[in-house]
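Remarks on the structure that follows.
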Amino acid sequence: MSRIRQMNADEVEKILQRYGFILISQKGSHRKWRNLERRLQAIVPYHKGRDLPPGTLRNIMTTADIPDSEWKIE
């Protein structure tokens with residue numbers, strides 16, 4: 001079983017961009033990313049320098065349909 005690695009919002013957003021997501025809007029500290037081709041959306045809480053909680057990271061990556069190899073430690 002793989003563990004989730006620690007990542008901050010900047011790292012997550014770079015991965016989302018690689019998979020075709022673009023920043024649509026921001027409300028407070030939450031940024032909305034969308035992949036228009038695949039009709040997917042991910043909300044990333046942006047707190048500069050702080051790692052995202054594991055459950056939040058898991059939710060972002062699964063709803064964005066990002067492969068496990070990008071965000072898990074093998």
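Along the sequence shown, residues are numbered consecutively beginning with 1.
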Nearest heavy-atom approach of E11 to Q6 is OE1-O, 4.1 Å

Between N8 and L52, is any pair of side-chain heavy atoms under 4.5 Å apart? no

Is the shortest heavy-atom distance from the side chain of W33 to the side chain of E13 under 4.5 Å? yes

Go through the steps to decide whether E70 and M61 satisfy the test side-chain contact (heavy atoms from CB on, under 4.5 Å), and finish with yes or no. CA-CA 9 Å; E70 291 281 359; M61 295 301 186; 5.7 Å; no

Considering all heavy atoms of both residues, which atom of W71 and which atom of I66 are nearest to each other, and what is their separation? NE1-O, 3.2 Å

Heavy atoms of A9 and V44 approach each other most closely as CB-CG1, 3.9 Å

Is any side-chain heavy atom of Q41 less than 4.5 Å from a side-chain heavy atom of K32? yes

Any chance CZ of R50 has more than 12 other-residue heavy atoms, nucleotides or ligands included, within less than 6.0 Å? no

Tell me, do V12 and L16 make a side-chain contact under 4.5 Å, heavy atoms counted? yes

Run R5 and L57 through side-chain contact (heavy atoms from CB on, under 4.5 Å) and show every step you take. CA-CA 9 Å; R5 64 186 181 121; L57 179 59; 5.5 Å; no

Evaluate side chain to side chain donor-acceptor pair (under 3.5 Å) for Y19 paired with D65, printing each intermediate quantity in order. CA-CA 9 Å; Y19 284 86; D65 198 26; over 6 Å; no

Could you give the distance from CD1 (I43) to NE2 (H30), rounded to the nearest 0.5 Å? 8.0 Å

Heavy-atom distance under 4.5 Å between the side chains of I60 and P45, does that happen here? yes

Are any non-hydrogen side-chain atoms of R58 and I4 less than 4.5 angstrom apart? yes

Taking all atoms of both residues into account, what is the closest heavy-atom pair of F21 and A42, and its distance? CE2-N, 4.5 Å

Here the pair of heavy atoms bringing R31 nearest to L23 is CB-CD1, 3.6 Å

